[in-house]
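Model, not experiment: these values are computed from the prediction.
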Amino acid sequence: MVDWTRAEKRTFLRQRVEARLAALLLENQEYTEALTLLTSLIKEVRRLDDKLLLVDIDLLESKLHFSLRNLPKAKASLTAARTAANAIYVPPAQQGTIDLQSGILHAEEKDYKTAYSYFFEAFEAFSALEDPKAIFSLKYMLLCKIMVNQADDVTGIISSKAGLKYLGPDVDAMKAVADAYSKRSLKYFETALRDYKSQLEEDPIVHRHLSSLYDTLLEQNLCRLIEPYSKVEIVHIAEMIELPVDHVEKKLSQMILDKKFAGTLDQGAGCLIIFEDPKTEEIFPATLETISNVGKVVDSLYMRSAKIMA
């Protein structure tokens with residue numbers, strides 16, 4: 001089709017077909033080809049000043065850079081899309097897509113409260129149009145609530161008039177995660193990930209945030225379990241937390257390296273030895289400060305003596 005539009009010299013049609021081709025390349029994860037196509041297309045469309053198409057292309061570029069984990073460029077493209085959108089009337093569906101992308105980028109920066117407000121705007125826009133993207137906006141809204149430690153609000157959002165309209169596997173998946181997080185249960189968390197694999201693990205945005213949530217939950221549980229002990233068998237910890245021994249051992253070694261607690265793993269005996277937190281003596285900082293002040297006095301006296309000698 002692109003070749004035909006070139007032959008017929010239909011420039012505006014070709015630009016739209018190429019934008020659609022770039023979107024399809026992005027869906028197929030052919031990022032290099034999509035980026036090459038978009039780079040040349042953006043320059044051409046900017047010269048013609050076709051604002052509506054420019055919004056589409058900038059949004060596509062933002063999604064593409066986000067997929068390539070290039071957050072600064074993804075934000076720059078989104079800002080360009082917003083700037084172009086401010087100059088024209090943007091259809092509600094397109095405005096919803098801009099808000100959805102804004103929410104995704106804010107969530108990536110761990111600014112979940114701002115991300116929630118963007119997802120809510122996108123949800124309202126898509127819900128009014130009965131667009132299938134509304135379910136994704138709702139899912140990400142619930143994710144933000146879980147990530148800011150407000151998992152109890154999830155049930156309220158789901159049982160609201162707007163939430164009831166979209167009941168299904170996606171919403172059930174987020175409810176299961178919220179319940180697991182409220183109970184601080186890794187077992188329920190893993191059950192939710194297993195039961196709703198396509199809704200949670202196959203969605204790259206949800207999967208990325210749930211991975212960090214799982215790590216946080218695991219660390220909190222392990223710290224709580226090892227707190228009463230000075231020496232404990234790794235097998236015993238694994239039984240209490242109901243996870244495989246090798247998984248627990250690997251996580252404990254990572255936590256020691258990250259200085260989450262002071263300790264060492266005795267792999268020969270299969271034990272974890274926990275050290276008491278070393279207390280810093282208050283006299284040491286004071287001594288260093290005194291020595292520093294004496295140094296300044298000596299330097300000052302030396303300067304004065306040098307002037308007298310001169």
Quick one, [X] and [Y] - any side-chain contact, counting heavy atoms below 4.5 Å?
{"X": "Ile98", "Y": "Ser102", "result": "yes"}
{"X": "Leu35", "Y": "His65", "result": "yes"}
{"X": "Asp99", "Y": "Gln95", "result": "yes"}
{"X": "Ser182", "Y": "Val154", "result": "no"}
{"X": "Arg20", "Y": "Leu24", "result": "yes"}
{"X": "Leu218", "Y": "Val248", "result": "no"}
{"X": "Ile274", "Y": "Val232", "result": "yes"}
{"X": "Lys260", "Y": "Leu222", "result": "no"}

**Message:** Atom NZ of residue position Lys165 - does it have more than 12 heavy atoms of other residues, nucleotides or ligands inside 6.0 Å?
**Reply:** yes

**Request:** For Phe12, look at atom CZ and say whether over 12 heavy atoms of other residues, nucleotides or ligands are found less than 6.0 Å away.
**Result:** no

**Message:** Would Tyr196 and Asp170 count as a side chain to side chain contact (heavy atoms under 4.5 Å, CB included) here? Give the steps.
**Reply:** CA-CA 8 Å; Tyr196 298 101; Asp170 286 289; over 6 Å; no

State yes or no: do [X] and [Y] share one hydrophobic cluster built from I, L, V, M, F, W and Y residues joined by side-chain heavy-atom distances below 4.5 Å, directly or via other members?
{"X": "Ile205", "Y": "Leu213", "result": "yes"}
{"X": "Leu59", "Y": "Leu41", "result": "no"}
{"X": "Ile42", "Y": "Tyr31", "result": "yes"}
{"X": "Ile57", "Y": "Val55", "result": "no"}
{"X": "Leu164", "Y": "Phe120", "result": "yes"}

Minimum heavy-atom distance [X]-[Y], with the two atoms named:
{"X": "Ala115", "Y": "Cys144", "result": "CB-SG, 3.9 Å"}
{"X": "Leu272", "Y": "Ile234", "result": "N-CG1, 4.2 Å"}
{"X": "Pro92", "Y": "Ala125", "result": "O-CB, 4.0 Å"}
{"X": "Ala122", "Y": "Ser137", "result": "CB-OG, 3.7 Å"}

**Item:** Single hit among Tyr181, Tyr188, Phe189 for ring pair (Phe, Tyr, Trp, His ring centres under 6.0 Å) with Tyr214
**Value:** Phe189

**Item:** Identified ring pair (Phe, Tyr, Trp, His ring centres under 6.0 Å) partner of His106 from the options Tyr116, Phe66, Tyr118
**Value:** Tyr118

**Message:** In this structure, is the centre-to-centre distance between the rings of Tyr166 and Phe123 below 6.0 Å?
**Reply:**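 Aromatic pair counts; centres sit under 6.0 Å.
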
Main chain of [Y], side chain of [X]: is a donor-acceptor contact present, judged purely on distance under 3.5 Å?
{"X": "Thr290", "Y": "Ala286", "result": "yes"}
{"X": "Asp131", "Y": "Lys133", "result": "yes"}
{"X": "Lys139", "Y": "Gln199", "result": "yes"}
{"X": "Ser300", "Y": "Lys296", "result": "no"}

**Asked** Looking at residues at least two apart in the chain, or sitting in another chain, which of them share a side-chain contact (heavy atoms from CB on, under 4.5 Å) with Pro91?
**Response** Leu52, Gln94

For the [atom1] atom of [X] and the [atom2] atom of [Y], what is their distance to the nearest 0.5 Å?
{"X": "Asp172", "Y": "Asp195", "atom1": "CG", "atom2": "CG", "answer": "11.0 Å"}
{"X": "Ile104", "Y": "Lys63", "atom1": "CD1", "atom2": "NZ", "answer": "8.0 Å"}
{"X": "Arg82", "Y": "Gln101", "atom1": "CZ", "atom2": "CD", "answer": "10.5 Å"}
{"X": "Leu225", "Y": "Glu239", "atom1": "CG", "atom2": "CD", "answer": "12.0 Å"}
{"X": "Lys110", "Y": "Ser212", "atom1": "NZ", "atom2": "OG", "answer": "4.5 Å"}
{"X": "Phe126", "Y": "Leu138", "atom1": "CZ", "atom2": "CG", "answer": "12.5 Å"}

Residues [X], [Y]: salt bridge by 4.0 Å N-O rule:
{"X": "Arg69", "Y": "Glu108", "answer": "yes"}
{"X": "Asp179", "Y": "Lys175", "answer": "yes"}
{"X": "Asp258", "Y": "Lys251", "answer": "no"}
{"X": "Glu8", "Y": "Arg14", "answer": "no"}

**Request:** Step by step, work out the side chain to side chain contact (heavy atoms under 4.5 Å, CB included) result for Asp152 and Lys145.
**Result:** CA-CA 8 Å; Asp152 298 336; Lys145 282 292 181 188; over 6 Å; no

**Asked** side chain to side chain contact (heavy atoms under 4.5 Å, CB included) between Leu48 and Gln15: does it pass, once the steps are laid out?
**Response** CA-CA 11 Å; Leu48 292 168; Gln15 288 167 352; 2.9 Å; yes

**Request:** List, by chain and number, the other hydrophobic cluster members for Tyr302, where Ile, Leu, Val, Met, Phe, Trp and Tyr join if side-chain heavy atoms come within less than 4.5 Å, directly or indirectly.
**Result:** none

**Asked** What orientation do Tyr140 and Phe136 show, parallel under 30°, tilted 30 to 60°, or perpendicular over 60°?
**Response** tilted

**Request:** Show your working on salt bridge (Lys or Arg N to Asp or Glu O under 4.0 Å) between Lys51 and Asp58 and close with a plain yes or no.
**Result:** CA-CA 10 Å; Lys51 290 276 196 293; Asp58 282 330; over 6 Å; no

**side chain to side chain contact (heavy atoms under 4.5 Å, CB included) evaluation trace for Glu289 with Asn293** = CA-CA 6 Å; Glu289 194 179 344; Asn293 289 334; 4.1 Å; yes

